[in-house]
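Report on the structure given below.
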Amino acid sequence: MFNLENAIKTWKRQLRSNPAFEDGDVAELESHLREEIDRMRVKGVPEKEAFQKASEKIGALDSIGDELHKTRSPKIDATPPWKQKSWIPTMLPNYLKVSLRNFKRNFVFSIINVLGLSVALAVALLVITFIKDQASYDTFHPNAEHIHRVITTVGGDNSSHTRYASSPFPVAFLLSSEFPEVIRATHIQPFTEAASFDNRRFILNGFRADSSFLRLFEFSLESGNPENALNSPNSIMLSRETAERFFGDANPVGQVLNMQNGQLYEVTGVLAEEKNRSHLEFEALISVSQEEGSSMMNTGLKSWENPSWYTYLLLTEQANIEEFETKLGNIVELHYPGDLESGYQFNLQKLTEINLGERLARQIGRITPIEFVYFLAALAIVIVLASSINYVNLTVARSLKRVKEIGLRKVIGAARFQLIGQFIIESILIAVISLGIGLLIFWSWLLPFWNSLQLATADFGQIAFNTSRDIELYLYFLGFSVLVGLLASIYPAIKLSSFSPTEAFRNRLTKAQSLGWSLRKMLVVLQITISLVLIISTFLLYRQSSELLNADYGFSKSDVVNVDISDASYELLRQEMANQSGVEGISATSSLPGVNFQTKMWIGREDHLDSLSAAFYSVDEFFNEQFELSIIAGRNFSSNYAVDTLQSAILNETAIQRLGIDSPQDAINTFVEFKTTGEMYQIVGVVEDFQFDFLWNPISPMIMLNNPSGYRFINIHLSESNQASALQNLENVWKKIEPIAPFNYRYYQDEIDSVYTDFRELVFLVGFLAILAILIACFGMLAMSHYDTQARIKEIGVRKVFGANVKDVIMLLFSDFAKIVALGVTIGIPVSIYLNSLWLQVFVNKTGFSIWLIICATVLTVILTFASIGWQTYAAALMNPIKSLRSE
Amino acid sequence: MVSKDLMAASTRPLILTILKRGESYGYQIIQDVKEMSGGTLEWSDGMLYPVLHKLEKDGCIKSRWDVSEEGRRRKYYSITETGKEELATAKSQWMSVHEVLVKLWGPSKQWA
C-alpha cells in the first residue's frame with residue numbers, strides 16, 4: 001500500500017544525501033512538492049501517481065544540487081569538492097596553512113632561519129653585483145676579446161722581480177711592424193699639465209697617444225674623425241666635460257689651447273660622454289704624430305730599459321697567445337743582450353682582465369685588485385654557507401617534531417610522494433620568501449649603504465644597475481634559493497615519509513632522533529670552524545689596520561698645510577709668505593710623501609751596468625728641515641752652492657744600500673746616472689730613511705733633486721695658535737700673486753687620513769660581515785641546542801627521577817656539545833692560519849699570529865658557543881620531570 | 001517550447017518581474033509563469049530554486065519563512081531596490097534586442 005508520508009520521507013532522504021542541499025533547501029522543496037501533490041489530488045489524481053508526477057516535475061535532484069552549490073561557491077566555475085578527483089591542488093591550501101602554523105609555533109627559530117638566509121642572500125647579491133660590475137669594465141670595445149696589453153717583468157725569476165703594467169717605448173713599433181698577428185698597436189703615456197684658453201686655466205690629466213689609439217679602442221666621439229684626429233702634431237682631443245670647462249657652449253673644434261710648456265695645441269675632436277666604463281680614464285688626449293714618434297725613437301726613449309709607456313695590441317682572432325709570448329721572449333734576447341741579471345720578460349694581459357686583475361707596478365688608471373674581490377667573495381660564500389647550514393639544520397630539526405602530523409596524514413590517505421612534496425614545497429617556499437626579503441634588504445639598505453662608502457664611490461664607482469645583466473643575476477639567485485630549499489628538505493622529507501603511522505603514533509621517536517643527528521653534528525662543527533676562522537681573521541685585520549694607521553712615517557707633519565702651486569712662482573710666494581705672522585717654515589716638493597704617487601726613475605752608479613728604480617722627488621733646500629728629516633752623511637741642498645739646482649742629489653739610505661755602496665759616507669761626492677737620459681748627478685747628502693710610499697710598501701730607494709721646475713706643492717708649517725688668521729693672511733698673499741687659481745690648502749694629516757679611509761672602510765666592512773656571519777652561526781647553534789634538548793627532554797626526566805641533579809644533567813648535555821666544539825676548533829685553527837697568511841703576505845709590516853691571539857679567539861668561540869647553547873641546556877636541566885614524563 | 005539557452009537568459013528578469021508585483025513563493029512563481037506563457041515557457045520546477053538563491057545572494061531579492069493558512073511552511077520572496085534596478089537594466093536590454101529583431105523581421109523580410 002502506498003504511503004505518501006513514507007514516500008516523501010524517502011525522497012527527502014535522497015535530498016539530504018546530497019551535501020549541496022541544506023535544511024532550508026530541503027524544506028522549501030518539500031513545501032513545493034506537497035503543494036503540487038495537493039493540486040493534483042484536488043483534480044482527482046490518485047496519491048501514488050500525484051507523488052510520482054510532482055517529483056518528476058521538480059527534476060533531477062543531482063543537477064539541482066550542482067546548481068545550488070554554484071550559487072553558494074565564490075568561484076565562477078565551481079566544482080563541488082565531493083566531485084573533485086585531483087588531490088594535490090586541494091591539499092595545497094592545507095600545506096600552506098600547516099606551514100604557517102608551524103612557522104608561528106616556532107616563531108623565533110623560524111625568524112632566525114628566514115632572516116639569516118635573507119641577510120646572507122642580500123650580502124651575496126651585493127658581492128656578486130659588485131664583481132659583475134667590475135668585470136664589465138672595458139668590455140664595450142667591440143674587439144675587447146682580442147685586445148691585450150704588454151706588461152713587463154723586470155728582475156727575472158728572483159723573488160724581488162717587479163711586474164710593470166707598462167713597457168718600453170719601442171715595443172709598439174716593433175710588434176706592429178714585425179709580428180703578423182698584430183693588427184694594430186698603440187701606446188700611450190699619462191700626462192698632467194696645465195692648459196689655458198683666454199683666462200681659463202685648468203690642470204688636464206690625460207694621455208699622449210698615437211693615431212692608432214682611437215682605432216684600436218672604440219671610444220665614441222662627439223666630433224672629430226677617429227681616423228685622423230690624432231695624426232698631426234700638436235693635436236688635442238678633449239672629453240665633453242673638459243671641453244665645456246674651457247669653451248662653454250662654443251664649438252671647441254679648431255680652438256687652440258696653450259699648454260704649460262708654451263706649446264700650442266689645436267682641438268681636433270671631442271669625446272662623447274662615456275657611459276661605458278674603462279680602466280683608461282682621461283680628460284684629454286694629446287697626439288703623438290708619426291714624425292714625433294720617429295724622432296722620439298732617436299732620443300732617450302729608444303731605450304729598452306725604461307718601461308714608461310703603455311702598449312696595447314689588437315691581435316687577429318687566430319693569434320695564439322702562448323706562441324706570441326714565446327716570440328716576445330726572442331725580442332728580449334735581441335734587445336737585452338748579455339743583460340741576464342735584470343731579466344726582462346714581456347707578457348700579454350687581456351684588456352678585459354685589467355680592471356679586475358693583478359696589482360702591477362706603475363698601474364695606469366684604476367684597477368680593483370683581484371685579492372680584494374677574492375676576499376669579498378670568500379666572506380659572502382662563508383655567510384651564505386653559514387646561513388644555509390642553519391637553514392638545513394633547522395629544517396631537519398623542525399621536521400622531527402612533525403612525526404605525528406605525518407602519521408595522521410598517512411592514516412587519512414596521503415601517499416608518500418605527497419608527503420615528500422609537502423615538505424619540499426614548504427621548504428622552497430620559505431627559501432623563496434627569504435630571497436624576497438633579501439632583495440628588499442639589498443635594494444633598500446645594502447646597496448645605498450655600499451654606494452655611500454668612500455671606498456666604493458672613489459675607487460670602484462657606484463654600482464650601476466644594468467637591468468638585463470641583473471635580471472639574469474636575480475634568476476640565478478632564485479635558482480639558488482630554490483636549491484637551498486630543496487637540499488634542506490629532501491633528506492628529512494624522504495626519511496620522515498618512510499615512517500609507518502603506528503610507529504609515529506606510538507611516539508617511537510628514537511629513529512627520528514637518530515636520523516640527521518650525525519649530519520647535523522657535522523654541520524655544527526662546520527659552523528664553529530667558520531666562526532673561529534672569522535674571529536681570528538677579524539682580530540688580525542684589526543691589528544694590521546691599527547698597525548698601519550699608527551705607523552711612524554719618520555717625518556714630521558703636524559701643523560703643515562699643503563697648497564698646489566699651480567702656475568704661481570714659488571720664489572715669489574715664498575718671499576711673501578715667509579714674512580707672515582704664524583708661519584714657521586715654508587718648503588716645496590714635487591709630490592707629497594705618503595700621499596701622492598711619485599715618479600720613478602731608473603738610476604745607477606756611474607760606470608755600473610745595473611740600475612734600480614727609485615722614487616724621484618724635486619725638493620727645495622728647506623724641505624728636509626721642514627719635515628725634520630736628518631741628513632746622516634754629507635749636507636743638505638743649499639743656495640750657497642749654485643750647482644745644487646743643476647747636478648746635486650740626495651739619496652736615502654735604502655738607495656745607497658741597493659746601489660751597493662758600503663756606507664753613506666762613501667757615497668758622498670760619487671755620481672749617480674739617470675739611466676734613461678744619461679744625466680749625471682753628484683751625491684751631496686744621504687737622508688735617513690722615512691716612509692714616503694704607502695704603508696703597505698716597504699721603504700724603497702729614493703732620490704731627491706733640487707730642481708725648482710719640478711715643484712708642485714708648497715708646504716707651509718704654521719705655528720700652533722691662530723692658524724685661521726694665518727691662513728687668511730696667506731690667502732690674501734696668494735691672491736696677489738696668483739689671481740686665477742684658488743688658494744686650496746689641506747692639512748697634511750687630513751691628506752694622509754684620506755689615503756687610508758678606504759682601508760678603514762675595508763676593515764669596517766670585513767668586520768661587519770664577520771660579525772654577521774658569527775651571529776648567524778650563533779643563532780644556528782642556539783636553535784639547534786633548543787631542538788636537541790627538546791628531543792632528550794624525557795631522557796632528562798628519567799635521569800632526574802633516578803636521582804641526577806641539575807649539575808649532572810648540564811654536564812651530560814654539555815659533554816655532547818664539547819666534543820663538537822673541540823672538533824670545530826681543531827679544524828678551525830689551521831684553516832685560519834692558512835687563509836690569513838694568504839692576505840697577510842701583501843703587507844710589509846705584517847702583524848703575525850701569536851699564541852695569545854689564537855687562544856683568545858678559541859676562548860671567545862667556546863664562550864659564544866656555550867652561551868648560545870647554555871640557556872637551553874640550563875632550562876632543560878631545571879625542568880620538572882613530572883611535566884616531561886606525564887604522558888608516559 | 002523555448003530553447004534552454006534563451007530560458008536561462010530570461011529566467012532572472014522573469015522572476016524579478018513577477019516579484020515586482022508582490023511577494024510570492026516558489027510554487028506560485030512557477031504557476032504564474034506557466035499561466036502567462038500558456039505553457040510555452042516551462043522548466044523543471046526544481047531548477048527555479050538555485051536561481052532564486054542566486055538572486056538572493058546577489059541582493060536582488062530577499063526572503064522570509066512564513067506559514068500559510070493551510071499550515072504549510074513557505075519561503076516567501078520579495079524584490080529589493082537592487083533587484084528593481086537590475087530589472088530596469090534587463091528590461092531596456094531586452095527591449096533593444098527585441099526592437100532590432102522586429103526591425104529586421106519587419107515588412108520587407110529581406111533578412112529573415
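Each chain gets a letter, A, B and so on, in the order its sequence line appears, and its residues count up from 1. Side chains included, hydrogens not; waters and symmetry mates left out as well; all remaining heavy atoms used.
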request  = Give a yes or no on this: more than 12 heavy atoms of other residues, nucleotides or ligands lie within 6.0 Å of atom CZ of Arg105(A).
outcome  = no
inquiry  = If you count heavy-atom pairs within less than 4.5 Å of chain B, which of Arg34(A), Glu28(A), Glu67(A) leads?
reply    = Glu28(A)
task = Answer with side chain, backbone, both or neither: which region of Leu55(B) has an atom nearer than 4.5 Å to a non-hydrogen atom of chain A?
result = neither
key: Most contacts with chain A, counted as non-hydrogen pairs under 4.5 angstrom, among His53(B), Arg73(B), Glu56(B)   = His53(B)
request  = Sort out for me which of Ala54(A), Ala60(A), Gly59(A), Ser31(A) touches chain B most, counting heavy-atom pairs under 4.5 Å.
outcome  = Ser31(A)
note = From the list Asp25(A), Leu33(A), Leu61(A), the residue making the most non-hydrogen contacts under 4.5 Å with chain B is Asp25(A)
task = Work out which heavy atom in Trp65(B) is nearest to a heavy atom in Ala27(A); give both atom names and the distance.
result = CH2-CB, 3.7 Å
message = So Ile30(B) and His32(A), do their side chains get closer than 4.5 Å, heavy atoms only?
response = yes
inquiry  = Less than 4.5 Å to any heavy atom of chain A: does that hold for the side chain of Gln31(B), its backbone, both, or neither?
reply    = side chain
ask   = Which atoms of Glu30(A) come close to chain B, meaning under 4.5 Å heavy atom to heavy atom: side chain ones, backbone ones, both, or neither?
value = neither
inquiry  = Can you give me the closest heavy-atom contact between Glu36(A) and Asp45(B), atom names plus distance?
reply    = OE1-OD2, 3.8 Å
note = Correct closest heavy-atom pair for Gly46(B) and Leu29(A) would be CA-CD2, 4.4 Å
request  = Using non-hydrogen atoms and a 4.5 Å limit, figure out which bit of Arg72(B) sits close to chain A: side chain, backbone, both or neither.
outcome  = side chain
request  = Return yes when atom CG of Asp5(B) has more than 12 non-hydrogen atoms of other residues, nucleotides or ligands closer than 6.0 Å, and no otherwise.
outcome  = no
